[in-house]
Amino acid sequence: MKFTTLAMLAGGTVLLGSCATDSRDPTQVRAEALTMMQRDFKSQGIAGMDRLKEDSVLAACNKYDDNPPPELTAKLEKEQFATIQWPADGKLMGDWKAGERIAQNGQGMAWNDKGGVGGSCYNCHQIGPATTSFGTIGTSLHQFGKKRGYGPEIQRYAYGKIYNSKAYNLCSQMPRFGHVKALTEQQMKDLTALLMDPASPVNQ
Ligand code: HEC
């Protein structure tokens, strides 16, 4: 059996994979799949054809099966880190209540969205003890601030990780919410507060 999959995660992440029983060169299978999508897909609303383009990070992660050589990983992580736009007012903490709504909202980046809807965090992470339904691709975020500390460095890490997860872990499966403009600066501040405010349900 042979099949090729295309998954479009929030913000234009394109993952192309092919099944092991296909004896052809995977690079060629990918190229054929891409040609097919470029031919058949139509851009609509905010879902443009640019979503089919691999950037340097996705190209390296695809090429090296999510494990590029250390020097390349370090170089690309540094480049990704440089893309993070820190809030001009220097404040990283917004309103955790708004953050909770964003974390539990799975909508965003659809062709008819205007951008800045939900973060889908619950799809991969446990958020707080009261979350009954959540995915486990990512680690549990329950007591994130309580365990890691509430200091400015961890605040900065939380904001930066949400903005561009691949700056910290190149082939992370987590979408780059700020980088691809899936979330606004205010929304990322609200999510940082959700993780870092001692009063937030995350830290109970
Ligand atoms: C598609 C799955 C996915 C989604 C959606 C996702 N994450 Fe993640 N996240 C991960 C994975 C996997 C990791 C662990 C690997 C890594 O560090 O990249 C992670 C790691 C993290 C970390 C670092 C945890 C630590 O202990 O250092 C934070 C913070 C985080 N995510 C916050 C969020 C927030 C907030 C959202 C919603 C805006 C979110 N994530 C959405 C998959 C996801």
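Atoms within a ligand are numbered from 1 in the order they appear, just like the ligands themselves.
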Could you tell me which atoms of ligand 1, counted from 1 in the order shown, lie closer than 4.0 angstrom to a heavy atom of [X]?
X: Ile137; answer: 12 (C)
X: Gly138; answer: 10 (C), 11 (C), 12 (C)
X: Leu195; answer: 29 (C)
X: Ile162; answer: 35 (C)
X: Leu191; answer: 38 (C)
X: Pro175; answer: 1 (C), 3 (C), 4 (C), 5 (C)
X: Gln173; answer: 1 (C)

Classify the contact between [X] and ligand 1 as side chain, backbone, both or neither, using a heavy-atom distance cut-off of under 4.0 Å.
X: Tyr168; answer: neither
X: Asn123; answer: neither
X: Leu141; answer: side chain
X: Cys121; answer: both
X: Lys161; answer: side chain

Check ion pair [X]-[Y] (N to O, under 4.0 angstrom):
X: Asp25; Y: Arg30; result: no
X: Glu71; Y: Lys75; result: no
X: Asp197; Y: Lys97; result: no

Heavy-atom nearest option to atom 2 (C) of ligand 1, drawn from Cys124, Ser172, Gly160: Cys124

Backbone N/O of Gly48 and side chain of Ser43: donor-acceptor pair under 3.5 Å: no

Heavy-atom gap Ser120 to ligand 1 smaller than 4.0 Å: yes

Lys146, Met196, His142 screened by side-chain contact (heavy atoms from CB on, under 4.5 Å) with Asn203, the one that passes: Lys146

